[in-house]
Amino acid sequence: MSHPYRTIGAGTLRSDHVGETVTLSGWVARRRDHGGVIFIDLRDASGYVQVVLQDDENSHGLRSEYCVRIVGDVRARPAGNENPELPTGAIEIAAAELTVLSEAAPLPFPIDGQTAGEVGEESRLKYRYLDLRRGSAQKVLRMRSAANAIAREVMLRHEFVEIETPNLTRSTPEGARDFIVPVRLQPGHWYALPQSPQLFKQLLMVAGMERYFQIARCFRDEDFRADRQPEFTQLDLEMSFVSRDEVLDLAEEIIVALWRELAGVEIPRPFPRLSFADALSRYGSDKPDVRFGNELVDCTEYFAQTPFRVFQAAHVGAVVMPGGANQTRKELDGWQEWARARGAKGLAYVLVQPDGELGGPVAKNLSDAEKAGLAAHVGAQPGDAVFFAAGPIRREALELLGAARLEIGKRCGLIDESQWAFLHVVDFPMFQPTDTGWTAEHHPFTAPTAEWLDTFDKDPENALADAYDLVCNGWEIMSGSVRIHQSDVQRRVFETIGLTADQTESKFGFLLEAFQYGPPPHAGAALGWDRITALLAGVDSIREVIAFPKVASGGDPLTGAPTPITPAQRKEAGIDAVIESAN
RNA sequence: GGUCCCGUGGAGCAGCUUGGAGUGCUCGCCGCCCUGUCAAGGCGGAGGUCGCGGGUUCAAAUCCCGUCGGGACCGCCA
């Protein structure tokens, strides 16, 4: 039986098919018109094959990206004309029949060819359906599909249940701005799109599902970054009757399976674990890139008696820039600008001269004893530069140095790009200070660690939460926590962050009510699926792994979204309805 | 809300520092030639409000101000 369009994939043809008559359908990737004979590279989802056509009006008129059907015989290429570069290079199709299924207008940018990857992003997104015809883009989306399948396999093997949760819901307690949707049936009332399925998955634990997962779309109305889109995908999961390590084990299993099958790399387990406190001290970040060392050095004690006013601070730290002493004045000034762009006053530096003497504007402010031992204390060699951050708030000083460390890593080529450096960051602070008190660092349902169960509300500054992040090469790719299931603990958390009973009732009364009916101990996490697939694909932006992403102003160049609405739509949606009790 | 980079025929770039005719490169497009190419080749051709507006100047792609669009980052995103 023959198929009207295709009997076999173009890219699958090999020498053993010689002699067969095949029907192929696909696109004209390239054509080479010699007059009497015309070669075209026919592309379909399986790959390419060379088709040989005799010159006639039909074949001569073929252009790039015409959609065509070819019937012809597979034959071995004439001796000497094989192309070992191509999987199908030993054979070719002698076309007996050519049907143009549809023509293509001249292309807005090259699809096949060497410049294909260099096209401006706006143009690529406007014609995303053409952009996606390119092999590299196809590969990425197919890989993402495979990643989904691998994750599902792992989850189902562990008896997780895949459950969908609403996209039209109410505002949840995460910290981001909500996208809101007017409700025609209740003018003046609005749905919120979920920032994550957080509350629903906890309700599913109350419901006795025990193990839930979902490849869930999440929505947060915040500004874009290379790794942030307003709608993004998480592999969301929650487990009953487990503690932290079982969640981390499962996460490792998912990651190892993904990297094994999609990157061909065996990631050793268990992944290293680092406390938040150590991550901050050593790397100045809660998502350290540990593909290189060059760790921060604490200098607070070292400068305890310093005559230099700037270093008479609660916290002084340093990071070394190898070979940084021979930077030009302009480059060193550039670092000051770089630091100011991050809200710092500047970035003090000392240059270790080849003879070991210290140079730079800061050196003359230091005592002789300080100068003598400084290079040894921070681990600097002659020729290095040492950057310092000092200030009243330890975390701020360390984060500035952490950013400098990353920048140094990039500029000095310290980062081993071939490496996959996974680690769990654990024991986050439970609360962070606000102008008036405390707020939850993670979210208000995050449990304290066992040591802090009795005392977290007496010492919120130092209390630790049983929360965890998974980091790869400096990207946060998973975040989760053990949840609170005891009502008295929950009540104490609300009191600590200053929520009144009325506020908790109106914000998440339904969850607290559910928790009156025998909630199981539970814990969970969400894996940033766009970031994980971007890492696997080796691309710099998650836009590359999303079929139809948005640009930084929130628009989609292809559809033109968002658009204004008509007065009729506005009226029908009830956007302008006023509710007296609204606040 | 802020900082920085980019915007030049369909694509990707150079030209801008030091103002002087839309000047150049690679690719694509159109036509003709061409029977073994695979980034085919040869000849010829078309295609531009230099993002937009204003200013300086005898003269602006080039300098200045503003604005729009894209990107990176800070803030923001627990």
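The sequence lines fix the lettering, A, B, ..., with proteins before strands; numbering per chain opens at 1. Treat the numbers as computed from the prediction; the structure is a model and nothing was measured.
- When the P atom of C30(B) is taken as reference, atom CG of Leu107(A) falls 10 Å away, rounded to whole Å.
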Within the sub-3.5 Å range, which N or O atoms of nucleotides 74-76 of chain B have a protein N or O partner, and how far apart are they?
from	atom 1	to	atom 2	distance (Å)
C74(B)	OP2	Arg225(A)	NE	3.1
G75(B)	N7	Arg225(A)	NH2	2.9
G75(B)	O6	Asp223(A)	OD2	3.4
G75(B)	O6	Arg225(A)	NH1	3.0
G75(B)	O6	Arg225(A)	NH2	3.2
G75(B)	N1	Asp223(A)	OD2	2.6
G75(B)	N2	Asp223(A)	OD2	3.4
C76(B)	O2'	Glu222(A)	OE1	2.7
C76(B)	O2	Arg228(A)	NH2	3.1
C76(B)	N3	Arg228(A)	NH1	3.2
C76(B)	N3	Arg228(A)	NH2	2.9
C76(B)	N4	Arg228(A)	NH1	3.2

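- Here the C1' atom of nucleotide C5(B) and the CH2 atom of Trp338(A) are 18 Å apart, to the nearest Å.
- Protein atom CD of Glu122(A) is 13 Å distant from nucleotide atom P of A72(B), rounded to whole Å.
- Screening residues 524-534 of chain A for salt bridge (Lys or Arg N to Asp or Glu O under 4.0 Å) gives Arg144(A)-Asp530(A), Asp227(A)-Arg531(A) as the qualifying pairs, with residues at least two apart or on separate chains.
- For G70(B), one of the phosphate oxygens OP1 or OP2 lies less than 4.0 angstrom from a side-chain nitrogen or oxygen of Ser553(A).
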Under 3.5 Å donor-acceptor pairs involving side-chain atoms of residues 85-96 of chain A, not counting sequence neighbours:
from	atom 1	to	atom 2	distance (Å)
Thr88(A)	OG1	Tyr48(A)	O	2.8
Glu92(A)	OE1	Gln50(A)	NE2	3.2
Glu92(A)	OE2	Arg75(A)	NE	3.0
Glu92(A)	OE2	Arg75(A)	NH2	3.1

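- Place Gly555(A) and Thr439(A) on RNA chain B by their nearest nucleotides, and Gly555(A) ends up nearer the 5' end.
- Legend: residues meeting side chain to side chain contact (heavy atoms under 4.5 Å, CB included) with Ala348(A), ordered by chain and number and at least two apart, are Phe311(A), Val362(A), Phe388(A).
- If you take atom C1' in G70(B) and the same atom in C64(B), they sit 23 Å apart, rounded to whole Å.
- Using C1' as the reference atom, C6(B) and C43(B) are 38 Å apart when rounded to the nearest Å.
- Not less than 6.0 angstrom separates the ring centroid of Trp335(A) from the ring centroid of Tyr349(A).
- Closest to the side chain of Asp41(A), out of A11(B), C38(B), G69(B), is C38(B).
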Going 5' to 3' through nucleotides 31-37 of chain B and flagging B where a protein heavy-atom sits under 4.0 Å of the base, S where only the sugar-phosphate is that close, and - otherwise, we get S--BBBB
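- Residues passing the side chain to side chain contact (heavy atoms under 4.5 Å, CB included) test with Trp190(A) are Ile180(A), Pro182(A), Ile575(A), sequence neighbours excluded.
- Here Thr328(A) pairs with Glu331(A) under the side-chain hydrogen bond (donor to acceptor under 3.5 Å, both in side chains) rule; sequence neighbours left out.
- Sorted by first then second residue, the salt bridge (Lys or Arg N to Asp or Glu O under 4.0 Å) pairs that include residues 51-62 of chain A, not counting sequence neighbours, number zero.
- For an aromatic pair to be called close, the ring centres must be under 6.0 Å apart, and Phe508(A) with Phe445(A) satisfies this.
- One interatomic measurement links the two molecules: CZ of Phe109(A) to C1' of C29(B), which rounds to 16 Å at whole-angstrom precision.
- Closest to the side chain of Ala552(A), from the set G71(B), A11(B), A72(B), is G71(B).
- Ile38(A) places its CD1 atom 15 Å from the C1' atom of C38(B), with the value rounded to the nearest Å.
- U35(B) sits 24 Å from G45(B) when the P atoms are compared, rounded to a whole Å.
- Sorted by first and then second residue, the pairs that involve residues 60-72 of chain A and meet salt bridge (Lys or Arg N to Asp or Glu O under 4.0 Å), not counting sequence neighbours, are Arg43(A)-Glu65(A), Glu65(A)-Arg133(A), Arg69(A)-Glu97(A).
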